[in-house]
Amino acid sequence: MAAARVSRSRCGLCLLLAAVLGSVHYSGALEIYTPNDLIYVENGTYAKLPCTFKSTDVTSSMTSITWTYTEEGSTAAGLVIFYYIGGKQYPGQLPRFKDRVTWAGDINNRDVSIKIDKITFKDNGTYSCSVMNPPDISSTPKQIKLYVVEKNNLPASNVPFLVGIICASIGGILIIAIIVFAVVITKKKRSRKDYTG
């Protein structure tokens, strides 16, 4: 009889534990990505600040995005220049960004990028992208440093150099293959001429 009571109490504890664990919703870590942490933009053009995120939960009307700006060299907290929630966009309160910051993302594809028009040298600084996708609300904001340069003074890209190296390598391999092919054909022709059989 005592064994039956112990068995029932263990079973009751097991059911209680299963009910508690079953009601707990697992919330994975929300991760935010920016492809570059440094962007150069020409004065007078626009800048697209790319930012995406990964979350174990689906996006909803509660998903919120905050972009902040910190002036170059400042240690103060960033000032909000753009806020997005429930499909609505809210500009920040900084007058110099008024009517220049627009949504360039697609929340369904977890793209939370923004675009800043009419870039000036005063826009140099650090831009931070922060995302909350309840119940995933713990994440580390990602930062992008923006440097504005004179028109036609963007830093040189390595792309043309890399394309040249790749093309030269492919060309070299093709030349070697042609030479090897020519040598093999020449040897076969000579061996047929030498055959007296």
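Below, each value reflects all heavy atoms present in this structure, side chains not excepted, and no hydrogens, waters or symmetry copies.
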May I have the list of side-chain donor-acceptor pairs in residues 81-89 shorter than 3.5 Å, sequence neighbours left out?
none

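Looking at Lys118 and Asp123, no side-chain N of the basic residue comes within less than 4.0 Å of a carboxylate O on the acidic one, giving no salt bridge.
The minimum heavy-atom distance between Lys142 and Ile32, with the atom names listed, is CE-O, 3.0 Å. Scanning all heavy atoms of the two residues, the minimum distance from Ala47 to Val41 falls at CB-CG2, 3.7 Å. Of all heavy-atom pairs spanning Ile119 and Leu146, the tightest one is CD1-CD2, 4.1 Å.
Under the side chain to side chain contact (heavy atoms under 4.5 Å, CB included) criterion, Lys54 pairs with Glu31, Tyr33, sequence neighbours left out. The salt bridge (charged side-chain N to carboxylate O under 4.0 Å, His left out) check on Asp117 picks up Lys115, with sequence neighbours excluded. Here Glu71 pairs with Arg96 under the salt bridge (charged side-chain N to carboxylate O under 4.0 Å, His left out) rule; sequence neighbours left out.
To the nearest 0.5 Å, atoms CG (Asp57) and CE (Met62) are separated by 12.5 Å. Rounded to the nearest 0.5 angstrom, Leu94 CG and Arg100 CZ are separated by 10.0 Å. Distance check, rounded to the nearest 0.5 Å: OG of Ser60 to CG of Asn133 gives 6.0 Å. Atoms CG and OG1, from Leu38 and Thr126 in turn, are 10.0 Å apart once rounded to the nearest 0.5 Å.
Val80 has its side chain within reach of Thr66: a pair of non-hydrogen atoms, C-beta onward, lies under 4.5 Å apart. Residues Pro50 and Ile144 form a side-chain contact, since some pair of their non-hydrogen atoms from C-beta on lies under 4.5 Å apart. Counting heavy atoms from C-beta outward, Trp67 and Val101 have side chains that stay 4.5 Å or more apart. Side-chain contact between Cys129 and Val112 is present, with heavy atoms from C-beta onward closer than 4.5 Å. The closest side-chain heavy-atom distance from Cys51 to Phe53 is not below 4.5 Å. Considering only heavy atoms from C-beta on, Leu49 comes within 4.5 Å of Ile116 through its side chain. Contact check for Arg110 versus Ser55: side-chain heavy atoms found under the 4.5 Å cut-off. Between Lys187 and Val183, the closest side-chain pair of non-hydrogen atoms falls below 4.5 Å.
Grouping Ile, Leu, Val, Met, Phe, Trp and Tyr residues whose side-chain heavy atoms lie under 4.5 Å apart, directly or via other members, places Phe181 in a hydrophobic cluster with Ile185.
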How far apart are the C-alpha atoms of Trp103 and Ile65, what are their side-chain angles, what is the distance that settles it, and do they pass the side chain to side chain contact (heavy atoms under 4.5 Å, CB included) test? CA-CA 10 Å; Trp103 177 250; Ile65 294 92; 4.3 Å; yes

Run the side chain to side chain contact (heavy atoms under 4.5 Å, CB included) test on Thr45 and Lys151 for me, step by step, so that the C-alpha distance in whole Å, both residues' side-chain angles and the decisive distance to 0.1 Å come before the verdict. CA-CA 9 Å; Thr45 62; Lys151 282 201 174 189; 4.3 Å; yes

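For residues 122-149, the pairs satisfying ring pair (Phe, Tyr, Trp, His ring centres under 6.0 Å) are Tyr40-Tyr147, Tyr69-Tyr127, with sequence neighbours left out.
No side-chain N or O of Asp111 forms a donor-acceptor pair with one of Thr52 less than 3.5 Å apart.
Screening Val131, Ile107, Asn109 for a side-chain contact (heavy atoms from CB on, under 4.5 Å) involving Thr59 leaves a single residue, Ile107.
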